[in-house]
Amino acid sequence: MGKKRKVHSLTGRIDDRLMMQSFKAVKRNRGAAGIDKVSVGMFEENLDANLAALKRDLKTRDTFVAKPLRRVFIPKDAKGKSFRPLGIPAVRDRVAQEVIRRLLEPIFEPLFHDCSFGFRPKRSCHKAIEKLLEFHEEGDRVTLDADIAGFFDNIPHKLIVDAVAEEVADGNILNLIWKFLAAGVMENGVFKPTTIGTPQGGVISPLLANIVLNKLDWRLEQAGYRFVRYADDFVVVCKDRVQAKAALELVTEVMTELGLSLSPEKTKIASYGKGYDFLGFRLSSKSRTMRTKSEEKFKTKIREITRRCHNLDAEVIKKLNQVIRGTANFFATKFSTCIKLFQKLDRWIRMRVRSMKFKRKWSNDNYRLRKRNLQNKLGLLGLLDFTQTTMSKTSR
DNA sequence: CGACCTTCAAC
RNA sequence: GUUGUUGAAGGUCG
């Protein structure tokens, strides 16, 4: 029953190499500037001096001041009128957060539950679903599909810092996290303090989310439930509806403790027999395919590329192939049963391409023939062309 | 292994 | 204008 050994000096690990690695990581994303309008490129102009100053501020207690976040609203779903509030930290602060993230991640990663799959290295949606399907194959077919209401925006700051403090005793680091959380936002020129939530757009936010929800994971484990969690979206696998009800009760209780609540619309008891949506797929005992929303998103994208008024050329085919490759790559997995859907979509894509505008070279040119030749020569591919390559790859 | 470019997906 | 973490694929150059 010895006391858990905490990590004491993380601050001491902040050196020039870590600073540089963190900057490189921020640069790789090619993200936009924050409130101070300093772009990554501008920060890089005096890189050594900027990193040195930042390192000093991070290492000496109560020196670092997080700049307010820049507020940007992005549409949540393609045509919906709901918006997601982004908080974009200044480039300097993104580097700072990356430094802290790199220090914290190795500490918390081993403590996380094996069934937590979101935002974690070497884990993915596919792995999450594979685990879920394993559970179903072992017999349990009723699911509690739960979603936390406004998760990132509603986690209490104290809860986050306390959760980190359970493993980290370095007061300076805890202070820095507190400052990131309480940086505030500038919304059309007016400063608004942030008293709750972790910024959507913050470098450490995903890690902090996992640190907090790790508590939920182990509570479920302790109660004997099997589940798969991806960020704030999780499925508890149950043997029947009675057990699912009980699971819902436990989850609700834990949510209250964490100052959170479930989204009533997105939380439901379903079954593997009837099927349910999770991480972009529609999962059921008879098929695992794209969910309707994802199919619509894909179609919208194809429509944009193959607009009737646009001229069919090499660029269009290239762009189409990129999108098709990417989509097939995600949805054609070991477990998915997408062949029929892909056939349908491929026919639809070819129809779209056929009806595109195509320049006539001379007045009585057989442009249909030239168009088809162009299509073949430039190699327009279909979703199915990519599934075959993924199939042969997965079997190796 | 690294730099850059493009795409897809989840949240 | 659009941030962030993670995973995947393809390409160019070392």
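Because the structure is a prediction, the values reported are computed rather than measured.
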Check salt bridge (Lys or Arg N to Asp or Glu O under 4.0 Å) between A:R288 and all other residues, then give those that pass, not counting sequence neighbours.
none
Contacts of A:E45 meeting salt bridge (Lys or Arg N to Asp or Glu O under 4.0 Å) (sequence neighbours excluded), chain-then-number -> none
Members of residues 29-46 of chain A that approach DNA chain B, where some heavy atom sits under 4.0 Å away
A:R30
Output one line per pair: protein atom, nucleotide atom from nucleotides 7-11 of chain B, and distance, for all N/O pairs under 3.5 Å.
residue	atom	partner	partner atom	Å
B:dT7	OP1	A:K319	NZ	3.1
B:dC8	OP1	A:K301	NZ	3.3
B:dA9	OP2	A:K301	NZ	2.9
B:dA10	OP1	A:S294	OG	3.4
B:dA10	OP2	A:K297	NZ	3.2
B:dA10	N3	A:Y230	OH	2.7
B:dC11	O3'	A:D232	OD1	2.2

Pair A:R282 + A:D277, salt bridge at N-O below 4.0 Å
yes
Closer than 4.0 angstrom, basic N to acidic O: yes or no for A:E98 and A:R102?
yes
Can you find a side chain N or O atom of A:R94 that sits less than 4.0 Å from OP1 or OP2 on C:G4?
yes
Give me the distances for all protein-to-nucleotides 11-14 of chain C N/O pairs that come in under 3.5 Å?
none

Restricting to salt bridge (Lys or Arg N to Asp or Glu O under 4.0 Å), what partner residues turn up for A:R141, sequence neighbours left out?
none
So the stems of RNA chain C, runs of at least three Watson-Crick or G-U pairs (under 3.5 Å), are B:1-11 with C:4-14
Nearest heavy atom decides the nucleotide; on that basis, is A:P121 or A:R70 closer to the 5' end of RNA chain C?
A:R70
Just so I know, are the side chains of A:F234 and A:D147 near enough to count as touching, which here means a heavy-atom distance under 4.5 Å?
no
Sorted by first residue and then second, give each side chain to side chain donor-acceptor pair (under 3.5 Å) pair with at least one member in residues 164-185 of chain A; sequence neighbours left out.
A:K4-A:E167, A:T11-A:D170, A:T11-A:N172, A:E166-A:K215
Contact residues, residues 172-183 of chain A to RNA chain C [heavy atom, < 4.0 Å]:
none
Partners passing ring-ring contact (aromatic ring centres under 6.0 Å, His included) against A:F64 (at least two apart in sequence or in another chain)
A:F180
Does anything in residues 251-276 of chain A reach RNA chain C, meaning a heavy atom under 4.0 Å, and if so which residues?
none
The correct set of residues in residues 209-220 of chain A placing a heavy atom under 4.0 Å from RNA chain C is none
